[in-house]
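Read through the structure below, which is laid out as structure tokens, and then see the notes.
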Amino acid sequence: METLLRVTNIEVAAVLYEVADLLEIKGVRFKPQAYRRAAQAIETLPEDIADVAREGDLNAIPGVGKSIAKKIREIVETGNLRYLTSLREELPEGVQYLTRLEGIGPKKAIALSRDLGIRTVDDLEAAAKAGRIRDLPGFAEKTEANILASIQVSRTAKERRLLGYILPVARDIERRLAALPTVGQVSLAGSIRRRKETIGDVDILATSSHPEEVMEVFATLPGVERVLVRGTTKTSVVLSTGIQVDLRVVEDEHFGAALQYFTGSKEHNIALRKLAIARNWRLSEYGLVDLATGRTVAGKDEAGIYRALGLAWTEPELREDRGELEAARTGTLPDLVGYDAIRGDLHVHTRWSEGAHSIEEMAEAARALGYEYIAICDHAETLHIAHGLSPGRLADQVREIERINRQSDDFIILSGTECNIGMDGRVDLPDSVLADLDVVVASVHSGFKQSEEEMTGRVLTAMHNDHVDIIGHPTGRVLLSREPYRIDLAAVFDAAAALGVMMEINAFPGRLDLSDVNARWAREVGVRFSLGSDAHRRENLRYMEFGIATARRGWLSADDIVNTRPLSELKKLLRS
Ligand code: DGT
Ligand code: CA
Ligand code: CA
Ligand code: ZN
């Protein structure tokens with residue numbers, strides 16, 4: 001098979017996820033989890049799944065047994081899976097989409113489809129509004145209101161995707177295009193270049209001596225389901241995962257201007273254009289032109305545009321019209337934390353609680369990323385769903401970590417916990433146990449519906465525990481699905497600065513919590529940050545990149561983040 005026609009890891013994972021969903025709807029037990037586990041492993045696999053399928057050992061991938069391996073091979077070879085097609089045919093039409101709504105399980109979805117002929121979310125909305133659902137067995141008037149509410153949530157969710165899942169796909173396409181001999185420059189643009197936490201569509205920019213050929217390759221990439229627009233300057237496609245990708249091919253002499261323009265944000269561009277107008281210049285995707293002379297002032301490279309306007313180079317992550325142009329003009333842009341500045345991961349789970357790998361495996365993977373240390377922060381006892389550790393088990397873990405540490409002198413495993421902040425603000429480990437740990441992360445995992453006063457009081461109480469170093473995922477949000485809980489962040493940040501408690505930027509793709517905006521706010525009041533991947537398996541350690549992106553979008557420097565420091569300095573910043 002030609003190298004350009006490859007199914008990506010994300011596409012294979014998407015097929016397996018759908019199989020899992022459909023099996024679950026059918027009421028099959030255990031298998032859905034197996035498919036999901038395999039999908040998750042493939043999604044985060046560093047190697048190309050197509051290579052592994054052809055030359056490697058698929059069974060070495062966690063969660064992939066004989067039967068799933070065979071299916072992966074079929075997907076890689078044909079781009080399809082017959083098993084999935086037959087599963088789709090077995091179920092009443094629409095059921096699959098309906099179960100994606102919060103609160104609609106398989107039974108309800110099947111009833112809606114069979115008894116009311118509801119196939120789409122629009123059908124469902126109309127039926128709920130007309131009060132036709134409450135009479136179905138198992139449904140009530142209240143269910144209708146809940147259905148309408150979850151439709152609302154899913155509408156906003158459907159349009160955007162997580163950066164963490166889209167960036168690998170986008171980079172893969174970028175690489176394939178860059179590999180074409182007739183392609184000159186290629187770059188991601190739009191929100192994905194700005195590393196926004198969610199992405200509407202992927203924008204890519206290229207230069208080429210043969211635009212038709214590039215567009216042909218692009219429009220026929222594996223995983224392309226539909227071509228929306230087909231031209232020599234712009235082609236838009238939709239991948240089978242529903243992601244839209246826009247490719248624009250521009251002239252070499254306009255590349256910088258086009259990159260600037262299509263990187264956005266729109267608000268940043270408008271502000272930048274105003275600066276041009278003030279000089280009687282015009283800025284467009286073709287270049288910066290002096291209107292008096294008609295001369296092109298800049299356009300070939302992006303930095304030249306900023307330079308010509310008297311501005312320092314402005315990192316894409318900052319281009320949101322949040323004061324960056326003023327800072328660029330006055331030379332006060334922050335010295336953003338670099339993507340290679342992190343020396344260790346301060347939030348890692350292992351098999352001891354809900355993770356997939358051992359302490360040693362996590363440490364080995366962290367060392368391979370160039371880290372100097374990691375903190376093992378498994379859950380404590382009250383988090384039953386995550387198989388939290390009892391004080392006794394935690395003591396065993398601490399001893400195990402000491403044993404492993406004795407075997408190496410250039411990498412340190414810190415013992416820690418992600419303990420749970422209870423409803424009254426107390427954490428679920430006694431002080432005597434916390435005192436033996438290097439790193440204590442405390443997080444809220446329940447009672448999200450408390451009032452703002454209660455929640456704020458709860459978190460402040462936890463922060464006043466002298467052993468607590470870090471507040472984990474401080475707002476509890478889950479991108480595209482769960483709003484942050486109500487909490488007075490101003491009070492929390494003030495206390496954090498005063499007490500020396502760090503705020504986490506949790507780098508897990510669905511969290512990115514604190515957000516960019518909140519991180520920037522916290523920094524202004526003197527808060528220090530800890531970046532943690534919240535890795536549940538080896539491969540997740542790479543999520544750190546998205547935490548760094550969030551920090552950069554929050555105007556943070558390496559200085560603001562404790563795990564950019566060598567271990568000896570980090571230790572001084574940890575409490576007690
Ligand atoms: P997204 O796709 O919703 O995550 O966000 P973006 O920022 O990627 O937006 P998109 O894909 O609509 O457009 C890409 C860039 O193109 C955008 O960041 C700025 C530029 N652009 C698009 N439309 C306009 C416009 O009407 N005016 C200006 N000034 N710039 C635009
Ligand atoms: Ca976009
Ligand atoms: Ca676009
Ligand atoms: Zn947590």
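Both counts, for ligands and for their atoms, begin at 1 and track the order of listing. Positions are given from 1, in the same order as the sequence printed here. Predicted model, so just to flag it, every value in this text is computed and none were measured.
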Only heavy atoms of [X], strictly under 4.0 Å: list the atoms of ligand 1 that pass.
X    : value
N269 : 19 (C), 29 (N), 30 (N)
R273 : 28 (C), 29 (N)
G190 : 8 (O)
G200 : 1 (P), 2 (O), 3 (O), 4 (O)
I199 : 4 (O)
T263 : 18 (O)
D201 : 2 (O), 11 (O)
S265 : 18 (O)

Indicate yes or no for a side-chain donor-acceptor contact from [X] to the backbone of [Y] under 3.5 Å, with no hydrogens or angles considered.
X    : Y    : answer
S284 : Y286 : yes
R575 : G500 : no
E253 : K300 : no
D488 : T456 : no

**Q.** L389 vs H379, side-chain contact (heavy atoms from CB on, under 4.5 Å): CA-CA, chis, key distance, verdict
**A.** CA-CA 6 Å; L389 304 184; H379 293 288; over 6 Å; no
Of all the non-hydrogen atoms in the protein, which one sits nearest to [atom], and at what distance?
atom                    : result
atom 17 (C) of ligand 1 : G264 CA, 3.9 Å
atom 15 (C) of ligand 1 : F262 O, 3.1 Å
atom 24 (C) of ligand 1 : Y261 OH, 3.7 Å

Less than 4.0 Å between [atom] and some protein heavy atom, yes or no?
atom                    : result
atom 22 (C) of ligand 1 : no
atom 3 (O) of ligand 1  : yes
atom 26 (O) of ligand 1 : yes

Q. Does H473 bring an N, O or S atom to under 2.8 Å of the Zn ion (ligand 4)?
A.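 Short answer: yes, at least one N, O or S atom is under the cut-off.
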Are [X] and [Y] linked by a side-chain donor-acceptor pair shorter than 3.5 Å?
X    : Y    : answer
H536 : E354 : yes
E381 : N420 : no
Y306 : Q260 : yes
Q450 : R486 : no
T232 : E212 : no

Q: May I ask which of H268, E197, R194 has a heavy atom nearer to atom 7 (O) of ligand 1 than the others do?
A: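 Minimum heavy-atom distance to atom 7 (O) of ligand 1 goes to R194.
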[X] N/O to ligand 1 N/O under 3.5 Å:
X    : result
D203 : yes
S191 : yes
I270 : no

Hey, does [X] sit under 4.0 Å from ligand 1 if you only count heavy atoms?
X    : value
I192 : no
K266 : yes
R160 : yes

Q.
Heavy-atom distances under 4.0 Å decide this one: backbone, side chain, both or neither, for D246 against ligand 1?
A. neither
Q) Under 4.0 Å from ligand 1, counting heavy atoms only, is it the side chain of K196, its backbone, both or neither? A)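 Looking at K196 and ligand 1, no heavy atom falls under 4.0 Å.
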Q) Nearest to the Ca ion (ligand 3), which N, O or S atom of D246 do we find? A) OD2
**Q.** Shortest non-hydrogen contact from I374 toward A366
**A.**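 Result for this residue pair: CG2-CB, 3.5 Å.
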Q | Option from D513, T550, D534 for which side-chain hydrogen bond (donor to acceptor under 3.5 Å, both in side chains) with N506 holds | A | D534
Q | Any F508 side-chain heavy atom under 4.5 Å of S533 side chain | A |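 When only atoms from C-beta onward are counted, S533 and F508 do not touch, as no gap falls below 4.5 Å.
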Q. Which value, rounded to 10°, describes the OD1(D203)-the Ca ion (ligand 3)-OD2(D201) angle?
A.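 Taking the Ca ion (ligand 3) as the apex, I get 130° for this pair.
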Q. Counting heavy atoms not belonging to R226, are there more than 12 under 6.0 Å from its CZ?
A.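 Open: at most 12 neighbouring heavy atoms sit under 6.0 Å from CZ of R226.
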Q: Walk me through it: do Q244 and D246 pass the test side-chain hydrogen bond (donor to acceptor under 3.5 Å, both in side chains)?
A: CA-CA 7 Å; Q244 183 180 324; D246 297 342; 2.8 Å; yes
Q) E418: which N/O/S atom is nearest the Zn ion (ligand 4)? A) OE2
Q: Could you give me the CA-CA distance, side-chain angles and deciding distance for H473 and M503, then say whether side-chain contact (heavy atoms from CB on, under 4.5 Å) is met?
A: CA-CA 8 Å; H473 42 77; M503 288 289 127; over 6 Å; no
